[in-house]
Undergrad: 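Here it is, the structure in full.
In what follows, chains are A, B, ... by sequence order, proteins preceding strands, each numbered from 1.
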Amino acid sequence: MKLLSKVYEPQKVEDKWYSHWVEKNYFHSEPNSKKKPYTIMIPPPNVTGMLTMGHILNNTLQDILVRKARMEGYETLWLPGTDHAGIATQTKVEKELKKKGKTRYDLGRENFIKLIWEWKEKYGGIIINQLKKLGVSCDWERERFTLDEGLSQAVREVFVDLYNKGLIYKGKRIINWCPVSHTALSDEEVIHKDVNGHFWYFKYPLKENNNEHILIATTRPETMLGDTAIAVNPKDERYKKYIGKTVILPIVNREIPIISDEYVDKEFGTGAVKVTPAHDPNDYEMGKRHDLEFINIMNDDATMNKNTPEKFVGLTRENARKLVVKEMDNLGLLAKVENHQHSVGYSEREDVPVEPLLSHQWFIAMEKLAKPALQVVNEGKVTFNPSRWIKTYNHWLENIKDWCISRQLWWGHRIPVFYCKDCGWESAEKTDPIKCPKCNSKNIYQDKDVLDTWFSSWLWPFSTLGWPEKNKDLDYYYPTDDLVTGPDIIFFWVARMIMAGLEFKDEIPFKNVYFTGIIRDSQGRKMSKSLGNSPDPLDIIAKYGADTLRFGTMLIAPKGQDILFDESQLETGRNFLNKLWNATRFIFMNIDDDDDFSKLTIENITLSTPEKWILSKLQNTVKSVNDNLDNYRFNDASKDIYNFTWNYFCDWYIELIKPSLFAESDTVSQKEKKSSIFVAIYTLKTILKLLHPFTPFITEEIWNSIKNENETDLIVSEWPKIDDKLLDKEIENEMELVMKIITAIRTIRSEMTVPPSKKADVLIQDDSEKYKDILNRNSNYIKSLGKIENLTIDKRIEKPEMSATAVVEKLQIYIPLEGLIDTDKEKERLKKEIASYEGRLKAVQGKLKNPNFVKRAPENIVEHERKKEKSYLESLELLRKNFEKLG
RNA sequence: GGGCGCUUAGCUCAGUUGGUUUAGAGUACCUGCCUUACAAGCAGGGUGUCAUUGGUUCGAGUCCAAUAGUGCCCACCA
């Protein structure tokens, strides 16, 4: 037996147990034909990442599922890993370089990649170690990285396959260009923000008549340098006469046609639109329709290129804009400027406006892949929790656009397409060719671009298991069971994984998806570095321990709703774990050194009322925890355990057994005491099991101090089974009455300010003798918990002159309070009580008086209301009588 | 413009298929307690037009519709 400190100190136990679990290899999984597999693939955090509250929520949920499955006897695999995070990682290392006054171009591609690998080896493990602090039970022997050799092979296999199927193609399109990272982005990597900009009204002079102008409005004046037409709606009477004519593009002095196109909205702006086909997606479409010229006016960094007049070359977008406006003004062609709010696309990573740019990029044709992915979710083969995300998923997939997968970066999977300079051969290859297979020339080279990071992520559920090789792992663990992730990456990741799973494995990648909420600060703002409102989870762990962070988060995280996080909310969790700790201490204090419980079982001991009651309540709790966890209701499950432990086990059971524990020693009470303690230990152990997935450290610590020698560590112990024989509704009802009586007595004492140190006498009148047996059986408990000196229970009791009264069902309770009673106060109290019952009675009678209710409501409901009515009437009668006696 | 959430006690929020709850928890608050597990505790207390308005139903916080406020996602309006 251990001497436990008065307050639980997580810092002393957490690291110890984590090392112990790892040493014992409990997290490791191997295919085992005798067991069913249970598999979760971690959403791989960015290798550059630091642990955030989002990770805490996400990984705690996964760990709960995994630890429970492990205890339930599944062969459990939680496979961890990190993502190479193309842009994020490259940017980070480039910033380091910049401090030394260098760029990646100074190093060259090969050396730069080498440098990132060095950086990865040095810092890439940080987030993994942070996760370990949280207690996650991942199989670290199977840790993967998206740029690992195996995963890279999977990427290449997939690319070649899609290329050969014609689903990957190279095309010239308007794409989102990030002028800071100098790369194309997918549509999903662009965030639209509403910005307060301007509408500039420009006059473009007609060639045919220099004094005549056509007025256009634009939010981006600098793009006029690339204008190749003016468009109007064919039905617009105002402009009909201009169609087919020509204007002179000011500043540039280029002749451009006036065309008509249905796209133009007559009502918007001036009804005439400048057309810049190389810098706007809509203009691009118009340009194609009308065979316009495509003039790219920008360099990769969004400065003006030599396709613009000399004074603009080299200017940034912003400066070019200013100069255009100024020049137009000087030329007298700036008609007016208006404030105008509009939406601008920003690069998700760099937070700068993206530039729509005409460029050669690689794309995946998505439509064919989307169809089966839609089907499996809508047929319920893959379930979404909460299910409302299905709509979001459907909407995206039904309107899917081709995925731009090439990035002009160096860090990532290089596109495995090779070209021959001599004969023009082009092909996607699984391994690097040495010479051109067509003309034998060695003059071949590989495409310079790398793939979007998500191109490796979408293969994660099977690439991590060794695909494309066929092996036991893949057969055994795939498809996986649950995916836990945020709804913000439903398009980036979830949908694409489903598509990839179906296309390459011919099977769904996971059976269920649980979408977490998003953790926000106490004012509802998204947590972000720039706002500085994101607490460092490691600081919290240092302060409260990982268990408190985990349990506290679970308590406040309802299914799929966003969470407003405030550190003070964790105190509930901390206090609870301390409560559990102290309940354990109490049990230890009442175990004698020579006690031996090893031969005792629930079946072979004599159970008295509190034991039967707590065991019955325990069965209900196990049932409810199971049910809630099966439905991903983590916060309900954590509340089940919280309420059972605190409100039933600590507040009532432990208090109820105290008399037998403290009783003078004789053989009978010794036996009773032993049963009480045994059941206390049994219950505590079950609580530890239920709680272990939520708070692994404290439960393992307590478990190891209390377990029998032949028992395993808690992490691999057996999940509690429900024992129907221990369910006892009658005992629960009996205890409920006893608890009501005790509470009524306590209430009187408190309201009459009788200090707990002062023992009182209590008389209970049981007129009908309906409760005779129950009262006799439980009189000791009532005496003990009600702090009663003499308890008299009888059929015929006259109300003592100076006494306070209470009514519990048909029982009259009297507490003589000579000298303490304040008649007015007592009257007030009774009045309130009567009013309360009258209110209830009114509600019940309202229902019962309604003939339709009696006729149409189910019988058990009507019956229940009748019982309530009867009980209220009886109580009211007694209360009124007592009230009258007070005069 | 379309879609999806949210609105319940001072605060933060639960409330799963409508009926054992005249609506619950934590926290804050009030009263009394260092009662030999725990003051991070114990006992007691009350706190609400469940956003508004209609509808369905014997019965609505719960289902439906509209309205208001609020948040998020998607969408090419120059």
Side-chain angles (χ1 to χ4, degrees), chain A residues 4 6-8 174 192 199 216-220 223 231 263-265 267-270 272-276 280-285 342-343 345 356 386 388-389 391-392 395-396 399 487-488 490-491 518 520 522 524 526 555-556 558-566 568-569 571-572 574-590 627-628 631 633 635-636 639 642-643 650-651 654-655 662 743 746-751 753-757 785 787 836-844 846-847 850-858 860-862 864-865 867-868:
Chain A
L4 297 155
K6 216 170 174 177
V7 173
Y8 171 59
I174 290 266
H192 291 273
F199 239 157
I216 58 98
T218 179
T219 55
R220 298 202 53 197
T223 62
Y263 162 77
V264 181
D265 181 352
E267 312 299 320
F268 195 80
T270 63
V273 186
K274 63 191 267 312
V275 184
T276 323
D280 181 282
N282 300 308
D283 292 6
Y284 173 75
E285 293 300 323
H342 62 127
S343 168
R388 66 185 141 86
W389 293 112
K391 276 200 177 178
T392 308
H395 184 257
W396 188 70
N399 298 284
D488 48 335
I490 194 163
F491 311 138
I518 292 166
R520 301 169 179 283
S522 51
K526 213 167 175 170
L555 279 173
I556 59 169
K559 183 171 173 174
Q561 287 296 341
D562 286 359
I563 296 136
L564 301 195
F565 180 85
D566 192 88
S568 65
Q569 290 168 302
E571 286 178 14
T572 310
R574 179 200 57 183
N575 295 353
F576 172 67
L577 296 183
N578 195 49
K579 185 78 181 173
L580 177 73
W581 184 255
N582 279 293
T584 308
R585 288 179 61 228
F586 176 78
I587 292 170
F588 278 151
M589 284 173 190
N590 289 284
D627 184 47
N628 282 324
N631 290 290
R633 290 193 290 257
N635 76 320
D636 291 322
K639 276 178 189 163
Y642 180 99
N643 289 333
C650 292
D651 287 349
I654 288 182
E655 294 305 321
F662 300 153
T743 303
R746 283 170 171 174
T747 306
I748 294 176
R749 292 180 60 115
S750 181
E751 286 183 353
T753 57
V754 184
S757 50
L785 301 204
K787 309 265 184 211
S836 155
Y837 273 102
E838 280 171 347
R840 287 186 232 193
L841 185 66
K842 203 176 153 195
V844 172
K847 285 185 195 174
N850 182 344
N852 279 328
F853 173 74
V854 183
K855 205 163 69 192
R856 306 177 89 140
N860 60 327
I861 299 291
V862 178
H864 175 68
E865 294 299 321
K867 267 190 190 159
K868 271 189 351 195

Undergrad: Considering only rA43(B), rA37(B), rG45(B), which nucleotide approaches the side chain of Arg746(A) most closely?
TA: rA43(B)
Undergrad: How long is the line joining CD1 of Ile556(A) and P of rC11(B), in whole Å?
TA: 18 Å
Undergrad: What verdict does the side chain to side chain contact (heavy atoms under 4.5 Å, CB included) test give for Ile861(A) and Phe853(A), after you've listed the backbone C-alpha separation in whole Å, the side-chain angles of each residue and the deciding distance to 0.1 Å?
TA: CA-CA 10 Å; Ile861(A) 299 291; Phe853(A) 173 74; 4.0 Å; yes
Undergrad: Of all the base pairs, Watson-Crick or G-U under 3.5 Å, which form stems of three or more consecutive pairs involving RNA chain B?
TA: B:1-7 with B:68-74, B:10-13 with B:24-27, B:29-33 with B:41-45, B:51-55 with B:63-67
Undergrad: Could you list the protein-to-nucleotides 76-78 of chain B atom pairs, N/O on both sides, closer than 3.5 Å?
TA:
{"from": "rC76(B)", "atom 1": "O2'", "to": "Asn282(A)", "atom 2": "ND2", "distance (Å)": "3.0"}
{"from": "rC76(B)", "atom 1": "N1", "to": "Asn282(A)", "atom 2": "OD1", "distance (Å)": "3.2"}
{"from": "rC76(B)", "atom 1": "O2", "to": "Asn282(A)", "atom 2": "OD1", "distance (Å)": "2.7"}
{"from": "rC76(B)", "atom 1": "O2", "to": "Asn282(A)", "atom 2": "ND2", "distance (Å)": "3.0"}
{"from": "rC77(B)", "atom 1": "N3", "to": "Asp265(A)", "atom 2": "OD2", "distance (Å)": "3.3"}
{"from": "rA78(B)", "atom 1": "N6", "to": "Asp265(A)", "atom 2": "O", "distance (Å)": "2.6"}
{"from": "rA78(B)", "atom 1": "N6", "to": "Phe268(A)", "atom 2": "O", "distance (Å)": "2.8"}
{"from": "rA78(B)", "atom 1": "N1", "to": "Asp265(A)", "atom 2": "N", "distance (Å)": "3.1"}

Undergrad: Assign Ser836(A) to base, sugar-phosphate, or nothing according to its heavy-atom contacts below 4.0 angstrom with the strands shown.
TA: base
Undergrad: Roughly how far apart are Ile563(A) CD1 and Gln569(A) CD, rounded to 0.5 Å?
TA: 9.5 Å
Undergrad: Rounded to whole angstrom, note down the C1' distance from rU20(B) over to rG15(B).
TA: 16 Å
Undergrad: Between rU62(B) and rG24(B), how far apart are the two C1' atoms, rounded to whole Å?
TA: 14 Å
Undergrad: Counting the atoms with a prime plus P, OP1 and OP2 as sugar-phosphate, which does His864(A) contact under 4.0 Å by heavy atoms, base, sugar-phosphate, or nothing?
TA: base
Undergrad: Write down the distance between NZ (Lys847(A)) and C1' (rG18(B)), rounded to a whole number of angstrom.
TA: 11 Å
Undergrad: Could you go through the side chain to side chain contact (heavy atoms under 4.5 Å, CB included) check for Phe199(A) and Thr219(A) one step at a time?
TA: CA-CA 5 Å; Phe199(A) 239 157; Thr219(A) 55; 4.0 Å; yes
Undergrad: For Tyr642(A), enumerate each residue passing the ring pair (Phe, Tyr, Trp, His ring centres under 6.0 Å) test, keeping only those at least two apart in sequence or located in another chain.
TA: Phe576(A), Trp646(A)
Undergrad: Provide, to the nearest angstrom, the distance between the CG atom belonging to Leu555(A) and the P atom belonging to rG26(B).
TA: 11 Å
Undergrad: Could you pull out the closest heavy-atom pair between Arg220(A) and Pro356(A), with the gap in Å?
TA: NH1-CD, 3.9 Å
Undergrad: Between Asn852(A) and Lys855(A), is any pair of side-chain heavy atoms under 4.5 Å apart?
TA: yes
Undergrad: Taking the nucleotide of RNA chain B with the nearest heavy atom to each, does Trp396(A) or Glu865(A) sit closer to the 5' end?
TA: Glu865(A)
Undergrad: Considering only side-chain heavy atoms of Asn852(A), which listed nucleotide, rC58(B), rG71(B), rA43(B), is closest?
TA: rC58(B)
Undergrad: Counting side-chain heavy atoms from CB outward, which of rC72(B), rU22(B), rC58(B) is closest to Arg520(A)?
TA: rC72(B)
Undergrad: Give every pair of a protein N or O atom and an N or O atom of nucleotides 3-5 of chain B that lie under 3.5 Å apart, one pair per line with the distance.
TA:
{"from": "rC4(B)", "atom 1": "OP1", "to": "Lys391(A)", "atom 2": "NZ", "distance (Å)": "2.4"}
{"from": "rG5(B)", "atom 1": "O2'", "to": "Gln561(A)", "atom 2": "OE1", "distance (Å)": "3.4"}

Undergrad: I'd like to check Ile174(A) versus Asp280(A) (side-chain heavy atoms, cut-off strictly below 4.5 Å). Are they in contact?
TA: no
Undergrad: When the P atoms of rG1(B) and rU67(B) are considered, how many whole Å apart are they?
TA: 13 Å
Undergrad: Can you check the distance between rA25(B) and rU8(B), where both ends of the measurement are the C1' atom (answer in whole Å)?
TA: 13 Å
Undergrad: In whole angstroms, how far is the C1' atom of rA43(B) from the NZ atom of Lys787(A)?
TA: 9 Å
Undergrad: What pairs of nitrogen or oxygen atoms, one from the protein and one from nucleotides 39-41 of chain B, lie under 3.5 Å apart?
TA:
{"from": "rA40(B)", "atom 1": "O4'", "to": "Asn575(A)", "atom 2": "OD1", "distance (Å)": "3.2"}
{"from": "rA40(B)", "atom 1": "O2'", "to": "Asn578(A)", "atom 2": "ND2", "distance (Å)": "3.4"}
{"from": "rA40(B)", "atom 1": "N3", "to": "Arg574(A)", "atom 2": "NE", "distance (Å)": "3.3"}
{"from": "rG41(B)", "atom 1": "OP1", "to": "Asn575(A)", "atom 2": "ND2", "distance (Å)": "3.1"}
{"from": "rG41(B)", "atom 1": "O3'", "to": "Lys579(A)", "atom 2": "NZ", "distance (Å)": "3.2"}

Undergrad: Starting at NZ of Lys855(A) and ending at P of rU57(B), how long is that distance when rounded to a whole Å?
TA: 14 Å
Undergrad: Using a cut-off of 4.0 Å on non-hydrogen atoms, how would the nucleic acid contact of Pro858(A) be classed: base, sugar-phosphate, or nothing?
TA: base
Undergrad: Grab the CZ-P distance between Arg856(A) and rA60(B) for me, whole Å please.
TA: 14 Å
Undergrad: Answer yes or no: is there a side-chain heavy-atom contact under 4.5 Å between Asn635(A) and Lys639(A)?
TA: yes
Undergrad: List the atom of Thr270(A), the atom of Ala217(A), and the distance in Å for their closest heavy-atom pair.
TA: OG1-N, 4.0 Å
Undergrad: What are the two closest heavy atoms between Leu555(A) and Thr572(A), and how far apart are they?
TA: CD1-CG2, 4.0 Å
Undergrad: Using a 6.0 Å distance limit plus a 45 degree cone around the ring axis, check whether Arg840(A) lies over the aromatic ring of Tyr837(A).
TA: yes
Undergrad: Return the polar atom pairs (N/O with N/O) between nucleotides 68-70 of chain B and the protein under 3.5 Å, or none.
TA:
none

Undergrad: Can you tell which of rA14(B), rG44(B), rG19(B) lies closest to the side chain of Glu751(A)?
TA: rG44(B)
Undergrad: How close do Trp581(A) and Lys6(A) get, counting heavy atoms only, and between which atoms?
TA: CD1-O, 4.1 Å
Undergrad: Quick one: sort the Phe662(A) and Phe586(A) rings into parallel, tilted or perpendicular, breaks at 30° and 60°.
TA: perpendicular
Undergrad: For the P atoms, the ones on rA51(B) and on rC11(B), what distance do you get once it is rounded to whole angstrom?
TA: 14 Å
Undergrad: Which part of the nucleic acid, if any, lies within reach of Tyr837(A) when heavy atoms closer than 4.0 Å are counted: base, sugar-phosphate only, or nothing?
TA: nothing
Undergrad: How close do Leu564(A) and Ile556(A) get, counting heavy atoms only, and between which atoms?
TA: O-CD1, 4.5 Å
Undergrad: Roughly how far apart, to the nearest Å, are rC50(B) and rG18(B) at atom C1'?
TA: 15 Å
Undergrad: Side chain of Thr572(A), heavy atoms from C-beta onward: which of rA37(B), rU22(B), rG26(B) has the nearest atom to it?
TA: rG26(B)
Undergrad: Which pair of heavy atoms, one from Lys274(A) and one from Thr223(A), lies closest together, and at what distance?
TA: NZ-OG1, 2.6 Å
Undergrad: Taking rG10(B) as the reference, what is the distance to rU36(B) when you measure between their C1' atoms (whole Å, please)?
TA: 38 Å
Undergrad: For rU52(B) and rU7(B), measure between their C1' atoms and round to the nearest Å.
TA: 11 Å
Undergrad: Taking atom C1' of rG24(B) as reference, at what distance in whole Å does atom CG of Asn643(A) sit?
TA: 10 Å
Undergrad: Between P on rA60(B) and CD1 on Ile861(A), what's the gap in Å once rounded to a whole number?
TA: 14 Å
Undergrad: Measuring to OP1 and OP2 of rA37(B), would you say a side-chain N or O of Arg585(A) lies under 4.0 angstrom away?
TA: no
Undergrad: For the side chain of Phe853(A), counting heavy atoms from C-beta on, which of rC72(B), rU35(B), rG19(B) is nearest?
TA: rG19(B)
Undergrad: Give Lys639(A) one of three labels, base, sugar-phosphate or nothing, depending on what nucleic acid heavy atoms sit under 4.0 Å from its own.
TA: sugar-phosphate
